[in-house]
Amino acid sequence: MITLSGLNDKQREAADTIEGPVLILAGAGSGKTRTLTYRIAHMVDNLHIPSKNILAVSFTNKAAKEMKERVHGLLGRSRSKGLTLATFHSLGLRILKKEIEHLGYHKNFSIYDTNDQLAILREGLKRYHDEKSFKREQIQTIIGKLKNAGITPDEYADSEFFDDEDPYCHATNYLYDYYQDKLKFYNAIDFDDILLLTVRLFDKKPELAQSYSEKFKYIMIDEYQDTNSLQFDLIVHLTKMHNNLCVVGDDDQAIYSFRGADITNILSFESHFPGAKVVKLEQNYRSVSPILELANEVIKENKNRREKTLWSNKKTDKKPLLWKMADSDHEAQVVVEDIVQHQRKGKHLGDIAILYRSNTQILPFEEQLRISQIPYTIIGGQKFYEKKEVKDLIAYLSVIKNKADQLSLRRILNVPNRGIGMKTLEKFIEESEDTEVDLFSAMKNNSALAESRQGKIDVFTTLITKFIDVFNENTLSEGISKLVEDIKYIEYIDKQYDSVKQAERRRNDIFQFIDSAKRFEEFFKDGATLTNFLEKLLLQDSQDPRDKEDEDDDVRTNEVTLMTLHSSKGLEFDTVYLVGLEEELLPHKRSLQEGNVAEERRLCYVGITRAQRKLVMTYCKERKIYGNNVTRHKSRFINDLDKSGFFVEQDRESFGHLGSEEEIKEYKSNFFSGLMGLLNEDAQDKEED
DNA sequence: TCGTCCGGCGTTTTT
DNA sequence: CGCCGGACGA
């Protein structure tokens, strides 16, 4: 028997309302995950709802995993068996893997990421007249928006999105069609397609939608403020048979509109689902009250939001601080100096985060942290699978799985060097397009080339064919090891880089890749197929620390965390430095141009509400932008409340954080000796090379 | 087929 | 200022 007595009244109400539509408006730090997990446990344990009828959807793997673990904690493994806790994309993919043939794709389809998308668009642009005046990134964005609006290439020209006067629309009209055609030909789908095709499948086969809706009788959606219209359509399909939909979210934390998230989904929930019950969670268990008061004050300027006022039992006299800095180097110095003080007092570095609007702000902080020898970790950035070596190997695996995957095939055709160049490739592509046979088969058929050159191609096609068997007969990691050996990939890497260190790092990536395959096998046993592995790699999020895979957990947690405001959503830290609170940075220049200041304000709100006890905000008088110094102004988000007493402003210019001349001198000399130490280290690095 | 030089561009990015 | 991508030459 699960008791809900540990929840507060509102949380309990939310966890105990099971039938019909429910909207839980969960303010930052209000115990949303706790409420959701108790709700699930309550349904299974007390109400005896079969776990297989429950579906909970979140946005990230991390959130899904956390929810899974916490439900396990409440129910134990055996009783939580059968629950479906997924992300939108993993759910869609699960459905497509069974049903995609209804849409004319083969079951061994590949999944393409942003880079793959751009590669196709590049070629499309080459065929389009006046190619130079269009940027493929922009076209890609538009196509993404069209997909998320559910508009097909055929429909585009007649849609509201098409403007006959706009040359971009004409280019998009051509390219969208071209792009979708290629995907189909390569038997590939992109991230947006995962949702789009699932919805389309349900549109086309209502009886299928119905059967899924009957299976998932109780549905919960986390971070509902970030859903887009496709996800909404999917939810409508899945709830059609019962209307048992519980969504959780906070409109004040909607920060992904640039990815198509539609805040009206949460704002208009009651009109989309009549009879909905709305529960507000406003008690915050995370932050001390001065931080919440500031947060409330900042966000209340936004119009068109659901009124919420967070409150906390945690009282303190200490107000949030606002530090005025000279420039970005100074900003980093002062912040890191403050962190050093923390460390001296024995505070745990894992409780500290530096949050910023844009990745361009990282550099000075990284420098200062290194000089002061403070361990740190940067969240986000390059994903593991985006490293060149890993991508090469993934491309091999992709082709072995799906021979029609032309993009992957082209990536590896001459990697390592097989003496097959563009000329040869082009001939075969032409052949492939003319005969509507996939590129691999065209190469195997050997009709485009003279005998003499065909030899090199045969080596390649034989290799791939051979490895289809190798992967059938061996485990995943064995297969990959054999592949690396067979193509002499390590030797190839060593040749590519003259720096020993670089080659070493690349080699390491490869071994790490094989290791990750091993771990995958250990975890999934018989489920560790090539297909599942590739899927996991592509859908895995980038919220793991960069380059830190090998370290122990306790080492890892005693590090200062650096990340963007976007990445920080859902997390909390004892101490938060919210840096660069300047006009044109937060709010960002581009958002100002586009007139989306409300979202920037929410971003600021998210940053403030990450802090549990200590919040320090900073801005600079001057900042280097693309090489030149530019005068900066305090962000409107705090400037508006200047004299209101919600925070204390301190001038930290000219080493103002230190007392006497003596101290300043000492600080500077420490700073420079730190710098020299670094230079020496670099020199040593070079010697090793 | 590969390396080098020049020009343009520069936000966030759960999958 | 620094990175990336395209163009062009050896």
Side-chain angles (χ1 to χ4, degrees), chain A residues 57-65 86-93 111-115 117-119 122 125-126 131-132 135-137 140-141 144 147-148 189-196 222-223 225-228 230-231 253-261 328 355-363 379-383 385-386 414 417-425 495-496 498 535-544 563-571 580 584-594 596 599-600 602-604 606-607 623-630:
Chain A
V57 183
S58 55
F59 274 78
T60 65
N61 296 303
K62 200 173 155 196
K65 197 177 145 199
T87 65
F88 273 106
H89 287 81
S90 68
L91 177 69
L93 208 49
I111 302 165
Y112 278 1
D113 70 4
T114 318
N115 292 318
Q117 292 182 296
L118 292 174
R122 176 194 284 148
L125 259 178
K126 275 187 196 150
E131 52 169 292
K132 290 246 162 51
K135 288 184 61 184
R136 59 192 205 282
E137 282 84 0
Q140 184 231 335
T141 311
K147 286 193 172 185
N148 280 314
I189 68 176
D190 63 23
F191 283 144
D192 293 325
D193 281 338
I194 295 177
L195 299 175
L196 178 63
D222 195 9
E223 305 282 14
Q225 77 281 358
D226 291 329
T227 48
N228 63 28
L230 267 182
Q231 286 156 341
Q253 293 185 69
I255 54 175
Y256 283 103
S257 74
F258 68 93
R259 279 192 50 78
S328 58
L355 307 182
Y356 37 83
R357 172 68 238 260
S358 146
N359 284 312
T360 55
Q361 293 168 257
I362 300 180
L363 210 63
I379 306 287
Q382 200 183 34
K383 296 170 192 161
Y385 84 82
E386 280 174 353
N414 203 28
N417 279 332
R418 294 189 179 89
I420 307 172
M422 269 313 279
K423 275 261 144 53
T424 315
L425 177 62
K495 248 194 293 179
Q496 291 284 302
D498 359 294
E535 173 189 321
K536 159 115 192 310
L537 285 168
L538 271 132
L539 294 191
Q540 159 184 79
D541 60 57
S542 63
Q543 299 301 302
D544 290 325
M563 63 181 141
T564 61
L565 287 165
H566 283 91
S567 299
S568 76
K569 198 174 69 173
L571 305 178
E584 309 211 314
L585 199 50
L586 187 70
H588 196 275
K589 196 173 182 181
R590 250 176 73 180
S591 299
L592 288 169
Q593 284 161 0
E594 288 162 12
N596 195 2
E599 180 143 319
E600 298 286 308
R602 293 193 286 269
L603 216 35
C604 183
V606 167
R623 184 181 292 272
K624 244 194 194 117
I625 309 266
Y626 310 135
N628 355 306
N629 282 323
V630 180

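A, B, ... follow the sequence lines: proteins, then strands. Residue 1 opens every chain.
Residues passing the side chain to side chain contact (heavy atoms under 4.5 Å, CB included) test with Glu594(A) are Arg590(A), sequence neighbours excluded. In this structure Arg623(A) satisfies the salt bridge (charged side-chain N to carboxylate O under 4.0 Å, His left out) test together with Glu331(A), Glu582(A), sequence neighbours excluded. The side chain to side chain contact (heavy atoms under 4.5 Å, CB included) test applied to Lys589(A) returns Glu584(A), Gln593(A), not counting sequence neighbours. Qualifying side chain to side chain contact (heavy atoms under 4.5 Å, CB included) partners for Asn628(A), counting only residues two or more places apart in sequence or in other chains: none. In this structure Asn414(A) satisfies the side chain to side chain contact (heavy atoms under 4.5 Å, CB included) test together with Asn417(A), Arg418(A), Ile420(A), sequence neighbours excluded. Partners of Glu223(A) by side chain to side chain donor-acceptor pair (under 3.5 Å), not counting sequence neighbours, listed by chain and number: Lys32(A), Gln225(A). For Asp192(A), there are no salt bridge (charged side-chain N to carboxylate O under 4.0 Å, His left out) partners at least two apart in sequence or on another chain.
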Polar-atom pairs under 3.5 Å, protein N or O versus N or O of nucleotides 6-9 of chain B: list them with distances, or write none.
none

I'd like a table of atom pairs between the protein and nucleotides 1-3 of chain B - only N or O on both sides, under 3.5 Å - with the distance next to each one.
| from | atom 1 | to | atom 2 | distance (Å) |
| --- | --- | --- | --- | --- |
| dT1(B) | OP1 | Gly421(A) | N | 3.1 |
| dT1(B) | OP2 | Met422(A) | N | 3.2 |
| dC2(B) | OP1 | Asn417(A) | OD1 | 3.0 |

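Distance, Met563(A) CE to dT14(B) P: 13 Å, rounded to whole Å. The CG atom of Asn61(A) sits 11 Å away from the P atom of dT14(B) (whole-angstrom rounding). Rounded to an integer number of Å, the gap from Gln593(A) CD to dT12(B) P is 15 Å. Atom pair Lys569(A):NZ and dT13(B):P shows a separation of 12 Å (rounding to whole Å applied).
Of the candidate nucleotides dT14(B), dT11(B), dG6(C), dG6(C) has the atom nearest to the side chain of Arg136(A).
A distance of about 16 Å separates the P atoms of dT12(B) and dC3(C), rounded to the whole Å. A gap of 22 Å separates the P atoms of dG2(C) and dT13(B), to the nearest Å.
Residue Leu539(A) holds its CG atom at 12.5 Å from OG1 of Thr60(A), rounded to the nearest 0.5 Å.
For the pair Asp193(A) (side chain) and Leu196(A) (backbone), a donor-acceptor distance under 3.5 Å is absent.
Between Thr87(A) and the phosphate of dT14(B), there is no side-chain N or O to OP1/OP2 separation shorter than 4.0 Å. Note on Arg590(A): a side-chain N or O is less than 4.0 Å away from OP1 or OP2 of dT11(B). For dT12(B), the OP1/OP2 oxygens have a side-chain nitrogen or oxygen of Asn359(A) closer than 4.0 Å.
Both thresholds, 5.5 Å between centres and 30° between ring planes, are not jointly met by His566(A) relative to the base of dT12(B), so the two rings are not stacked.
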